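Just so you know, these numbers come straight off a predicted model, no measurement behind them. Residue numbers begin at 1 in each chain, while the letters A, B, ... track the order of the sequences. Computed over heavy atoms, backbone and side chain alike; hydrogens, waters and symmetry mates excluded.
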Amino acid sequence: MLPFNEYNPIGMDPRSLLNEQQVDAVTVEGGATLVLAGPGSGKTRVLTHRIAHLINEMKVPPQRILAVTFTNKAANEMKKRLEKMVPEGAKSVWLGTFHSICVRILRREARYLPVDANFTIYDVDDQVALLKSIIKDLNLNDKLYHAGGIQETISRAKNEMIMPGQYNVRTSRDAKIQEIYERYQAGLRASNAMDFDDLLLTALSLLYEREEVREYYAARFEHVLIDEFQDTNQIQYELVRLLSSVHNNLFVVGDEDQSIYRWRGADYRNVLRFEEDYGDFRKILLEQNYRSTQNVLDTARAVIDQNQYRTPKALFTKRGNGNLIRFYNAEDDRDEADYVVRTIQTEIKKGANPASFAVMYRMNSQSRMLEEAFMKAGIPYRLVGAQRFYGRREVKDVIAFLRLVHNPKDEVSIRRVINVPPRKIGDKSVEKLREVTRLMESNLGNVLIELGTRGPESEIYAALDRSAASIYQFAKIMAGWIEIKDTVSLPDLFDRILMDVEYREYLQDGSEEEVIDRWGNVQELRRQAFEFEELGLASLLENLALVSDQDTISEKLESPTLLTLHAAKGLEFDRVFIIGLDDGLLPHNRSFEEEEEMAEERRLFYVGITRARDQLYLARAGRRNMFGSYEYQLPSRFLKDVPDELVEMENTFRSSTQNNYDRWERGSYRRDTNRYQSNRKDSFFEEWDRKSTKSRTWDELRENQDRKNNNSGHAPILPSKSDAPTREKKSEATYKVGMKIKHPTFGEGMVLNVHLEGDGEETLEIFFAELKQQKKLAASFIKLDIVE
DNA sequence: AGTAGGCCACTTTTT
DNA sequence: GTGGCCTACT
C-alpha cells in the first residue's frame, strides 16, 4: 500500500501533491477505469502520474504502456512531464495521438498492407486535389460535384467504416459519388498514400483481420490509457477495445461537457458505451478545480447546465470568488478588436505578463481583425493554427518535393511540383505522361525515375513525344535526388533540391516584402530538416503531416495567444477573452437546425470559459464586416445564461444595437423556446406573425425588459432601452434588422439582414409575410414605409 | 504554355 | 475583401 495522501514520486515538487480522488485514479489497479474529470481538475497530471506509477511502483515495462492523447501538443507536454518523473523509461512508452500510434503500427506492419512502409499521408488539401483530378477525369461538373463536399462525404463514410462497395446508393448522384469514392481509393493506393481516415481504418482492419497482429499488440500493451475519451469516434473506440483485449487494463479519462468534435465523428456516448461494455469498471470523479475562480466556474456552470443529457457535476474550487466577468458590447468588430488590444495594453502596463492573455473565437477568420489591431498597437502576438505556415504555397511546394523523394508514386505531389518553377509542362503534358504510364502498366513515380535515369535512350522518352524534353528535365533532377537520398544528410538533400529547381530564383517575383516572407518560410522548413537530421526524412514528413500548425506555438514567445475555441481545449490562461458572442457566430449558424449541434456550440463556449484562471472577458459586436459588407448581429443566446450578478459592464449600450436587441428579446431566440426545428425560419416567422397581429405584445415585452433592468441591482448583460444614449452615426444604415416595413407591392415584411456597402448603398433581406418569401432588395431602389 | 484580368464563392471547428 | 479558377489573349 502506498502512502495515499503523500503520494509523491521521486524528486517531485511538493506542489504536485495529489488530492484523494486523484490518488485513487493514479493508483487504481488494473481493469477498466473511467475517470470523469471536470475542467481544471488535473487530469493530465493524473495521467502522467499514473504512467509514472505503473513504471516506478508497479514495475510495468514502459514499452508495454500505450497512452493516447487528443493532440500532439498534449502528447509532447505529457512526454516532457513524464521525462522528469521517469528519466529512464519515458521514451519507451507508446505515447501519441490515435493517428500517430496508428501510423507507427502501420509502418511496422506494412507487409500486410496495400501500401509500402514509405506511404505518404494525405491531408485534406491533398485529398481535395486528388478528388478534383478524379472529378475532371469523369467529366463531371465540378460545381455539382464539389471536391470539398465530396471529401467530407467520403470522410464521413470512412468514419462509419463504409467502403466504396458498401456505399448506399439511392440516387444517380450517389452512384457517381460511389464511383468517385472507388477511384479515390484506387488513386490513394496508386500513389502509395493514405488519408487521415485511412490511418485509423486500416489499422483497425489490420487488427480485425490479422489475428497474429492483433495478438501481438494486445498482448504487448499491458496498460492502455486514453485521454479526452469523450472525443473518440467509433473507429477509435474499436481500436481501443482491440488493443486492450488481452490484459483488459483500460484507463480512460474524459468529460462529456467538453465534447466538441462531433462533426468529426466523435461520439461522447462512447463514455456510456464504455460503461456498458465493461461491466465491472470503476468510476472516479474529479470535481475539484484547481484552475479557475468561483465566479468563472459559476458562469461556466450556468451555461452548461442548460444542456440536457449530461451528468450534473459539482465542480468546486478553493480559490475564492475572484473578479467579476467583464462584458463589452462593441459597436462593430473593429471596436471589439480595439477593446481587446486596449485592455491587454492597459493590463500589461500595470505589470501583467503578456503571455497570460488569450483571445478565443469561433472562426479562424475572426483573427484577422485582431491581428490588425495588435499590429497597430505594436504588440506582438502568437497565432495558433489558421494555416499560418503549412498552408503557404512555398511550404507546400517544398514539402511536395520532399515527399516525392520519399515516395515517388505520390501523384498529388507530382502534379503539384512537376511544373514548379514553370518548365513548360502543362495539362497536356501531364495527360500524356499518365497515358504512357497506363500503357506501361506502371506508376508515375517509376516512369519518371526510369525516364530520368535512362533519358532519351528509354522508350518512355519516345512515347512522350512532344512533351518528352520538358518532362525529362524534371525527371532527371528527381531521379538525381532519389539516387542520393540515402547517402546525404537531410539538410544536404534539402539544399540540393532547392538548388536544382532554383527555387529561390523562382520566388523572386512579387513584392520585396513577399519574397522575404516566403523565403523565410522556406528557411523555417530548412531548420526543421536540421532538426530531423538524425531521425530522417520519413520522420520529418510524418511530423509535417501529423503535427502541422498546432505544434508551431513556441512557448518562449512572451505574447498574447490568439486561437479558436477548439484549439483552446486542454489549455489554460490567466486572462481569457471570448469574442464574437453573436448569434450566428457562437452559436454558429450551421448549428441552428439540430439540437445536438446547438448543445455542442454550448459546450464550446463552456470549454472557452473554463480556460480562464483569473479573469474572463466576453465581447460581442453589433455589426460585423463579412465578405466586404456589414452584417448586423444579434447577441448570442448563450449570453442570457450568464448570470447578471457575475457580470460587470465595460460600457453602456449604443443605439445601434437597440433594434437588434429588441428583436432578440421579442421571442425568436428566447431561451424557453428551447426547440430548434428543422426549418427555423418558418417557425420563427410563424411566431412573428402571431405576435405582429397584436403588436402590443412587443411593447409589453419591451416594458418588461426595461422594468427588469431597472429593478435588478446589477448591470444587465444585454442592452436595455434606458441606458442607450441617442447617438446616430453617419455611416449607419437607414433600415435595421428586426424592423417592420411596408413595400408598395409586396406588403408588410420584416428586415432580416442589412448589408451596408462601402458606398453607403444598403442591400436589404426582407421576409414578406404575405408572400411567405424572402427577398433581397436595394434600399435606394424602392420606397419602403417603416411600420415600426 | 503562360499570364492577365474578371468573376464568384467563401467562413465553422482539426487529426 | 480576397484567393482560386476560368477565359481570352500572347
Side-chain angles (χ1 to χ4, degrees), chain A residues 68-75 96-103 121-125 127-129 132 136 142-143 146-149 151-152 155 158-159 194-201 228 231-233 235-236 259-266 333 360-369 372 384-387 390-393 419 421-430 466-467 470 509 542-551 563-569 580 584-592 597 600-601 603-605 607-608 624-631 755 757-758:
Chain A
V68 183
T69 59
F70 191 70
T71 62
N72 291 288
K73 202 173 20 164
T97 63
F98 274 106
H99 290 84
S100 66
I101 299 286
C102 286
V103 169
I121 301 166
Y122 275 6
D123 67 12
V124 176
D125 288 344
Q127 296 180 53
V128 169
K132 272 184 184 160
K136 204 166 182 187
D142 57 4
K143 297 268 181 333
H146 185 62
Q151 183 274 321
E152 282 175 29
S155 177
K158 285 188 179 178
N159 272 306
M194 292 209 202
D195 65 21
F196 281 129
D197 301 310
D198 280 352
L199 297 178
L200 303 181
L201 200 52
E228 308 280 13
D231 279 323
T232 51
N233 65 25
I235 297 179
Q236 292 165 340
S259 165
I260 54 175
Y261 284 95
R262 200 181 92 100
W263 50 274
R264 216 173 75 184
D333 46 356
M360 300 175 188
Y361 37 80
R362 180 66 235 264
M363 292 197 298
N364 278 312
S365 60
Q366 289 173 263
S367 71
R368 175 177 285 168
M369 198 62 82
E372 278 176 26
V384 179
Q387 283 235 319
Y390 294 101
R392 301 295 298 269
R393 189 188 76 197
N419 201 30
R423 46 176 79 86
K424 301 196 187 302
I425 305 173
D427 284 346
K428 281 264 150 50
S429 297
V430 174
R466 281 190 305 168
S467 307
S470 50
D509 60 3
E542 186 178 315
N543 204 56
L544 290 171
L546 257 27
V547 172
S548 70
D549 292 291
Q550 288 292 305
D551 215 47
L563 73 181
T564 63
L565 288 161
H566 282 89
K569 190 165 90 156
L585 202 49
L586 182 64
H588 196 275
N589 280 325
R590 305 218 178 177
S591 69
F592 283 0
E597 291 199 11
E600 179 146 315
E601 295 289 308
R603 292 195 290 269
L604 197 51
F605 185 33
V607 166
R624 207 168 274 282
N625 203 331
M626 286 168 127
F627 311 122
S629 69
Y630 275 117
E631 305 242 336
H755 304 265
E757 311 294 337

Peer 1: Which part of the nucleic acid, if any, lies within contact of A:Arg423, taking any heavy atom under 4.0 Å across all strands shown: a base, the sugar-phosphate backbone alone, or nothing?
Peer 2: sugar-phosphate
Peer 1: Has A:Asn72 got a side-chain N or O lying under 4.0 Å from the OP1 or OP2 atom of B:dT15?
Peer 2: no
Peer 1: Go through A:Asn625 and A:Asp333 one step at a time and tell me if the side-chain hydrogen bond (donor to acceptor under 3.5 Å, both in side chains) criterion holds.
Peer 2: CA-CA 7 Å; A:Asn625 203 331; A:Asp333 46 356; 5.5 Å; no
Peer 1: Round to the nearest Å and state the distance from A:Asn364 atom CG to C:dT2 atom P.
Peer 2: 17 Å
Peer 1: Given B:dG2, B:dT13, B:dT15, identify the nucleotide with an atom nearest to the side chain of A:Thr564.
Peer 2: B:dT13
Peer 1: Any idea how A:Tyr261 and A:Phe70 line up, ring-wise: parallel (<30°), tilted (30 to 60°), or perpendicular (>60°)?
Peer 2: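 Taking A:Phe70 first and then A:Tyr261, their aromatic rings sit tilted (interplane angle of 30° to 60°).
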Peer 1: Name the closest nucleotide to the A:Phe196 side chain, picking from B:dT15, B:dT11, B:dT14.
Peer 2: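 Of the candidates, B:dT15 comes closest.
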Peer 1: Stacking between A:Phe70 and the base of B:dT15 (centre distance under 5.5 Å, interplanar angle under 30°)?
Peer 2: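 Not stacked: fails the 5.5 Å / 30° test.
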Peer 1: Taking CG from A:Leu586 and P from B:dT11, how many angstroms apart are they, rounded to a whole number?
Peer 2: 19 Å
Peer 1: Rounded to whole angstroms, how far apart are NZ on A:Lys136 and P on C:dC5?
Peer 2: 10 Å
Peer 1: Between A:His146 and A:Phe98, which residue's closest nucleotide on DNA chain B lies nearer the 5′ terminus?
Peer 2: A:His146
Peer 1: Determine whether a donor-acceptor pair (N or O, by modelled atom type, separation under 3.5 Å) exists between the side chain of A:Arg603 and the backbone of A:Ser259.
Peer 2: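 Such a contact is found between A:Arg603 side chain and A:Ser259 backbone.
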Peer 1: Expressed as a whole number of angstroms, how long is the span from A:Leu565:CG to B:dT14:C1'?
Peer 2: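 Nearest whole value for this atom pair: 14 Å.
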Peer 1: I need the CD-P distance between A:Gln151 and B:dT13, as an integer number of Å.
Peer 2: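 Rounded to the whole Å, the gap is 14 Å.
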Peer 1: Atom CG of A:Leu585 to atom P of B:dC10: distance rounded to whole Å?
Peer 2: 18 Å
Peer 1: A:Glu372 CD to C:dG1 P: how many Å, rounded?
Peer 2: 10 Å
Peer 1: Could A:Asp195 and A:Lys158 be called an ion pair, given the rule that one side-chain N must be under 4.0 Å from one carboxylate O?
Peer 2: yes
Peer 1: Below 4.0 angstrom from OP1 or OP2 of B:dG2, is there any side-chain N or O of A:Asn419?
Peer 2: yes
Peer 1: Return the value, rounded to whole Å, for the distance between atom CD of A:Glu601 and atom P of B:dT11.
Peer 2: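 In whole Å, B:dT11 P lies 16 Å from A:Glu601 CD.
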Peer 1: With respect to the side chain of A:Phe627, which nucleotide from B:dT11, B:dT15, B:dA1 is positioned closest?
Peer 2: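 Of the candidates, B:dT11 comes closest.
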Peer 1: B:dT11, B:dT13, B:dA1: which one has an atom nearest the side-chain heavy atoms of A:Ser429?
Peer 2: B:dA1
Peer 1: Starting at the 5' end of DNA chain B and moving along, which residue's nearest nucleotide shows up first, A:Asp197 or A:Lys143?
Peer 2: A:Lys143
Peer 1: Between B:dT14 and A:Thr71, is there an OP1 or OP2 to side-chain N/O distance shorter than 4.0 Å?
Peer 2: no
Peer 1: Just how far is it from atom NZ of A:Lys132 to atom CD of A:Gln151, taken to the nearest 0.5 Å?
Peer 2: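 It comes to 11.5 Å.
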Peer 1: Can you name the closest pair of heavy atoms from A:Ile260 and A:Lys569 and give their distance?
Peer 2: CD1-CD, 3.8 Å
Peer 1: In whole angstrom, give me the gap between the P atoms of B:dT13 and C:dG4.
Peer 2: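 Straight-line distance between the two P atoms is 16 Å.
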Peer 1: The side chain of A:Lys428 lies closest to which of these nucleotides: B:dA1, B:dG2, B:dT11?
Peer 2: B:dA1
Peer 1: Is A:Asp142 touching bases, backbone alone, or none of the nucleic acid, heavy atoms closer than 4.0 Å?
Peer 2: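 Since only primed, P, OP1 and OP2 atoms lie under 4.0 Å of A:Asp142, the category is sugar-phosphate.
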Peer 1: Look at the side chain of A:Lys132 and decide which nucleotide, out of C:dC5, B:dT11, B:dT13, has an atom nearest to it.
Peer 2: C:dC5
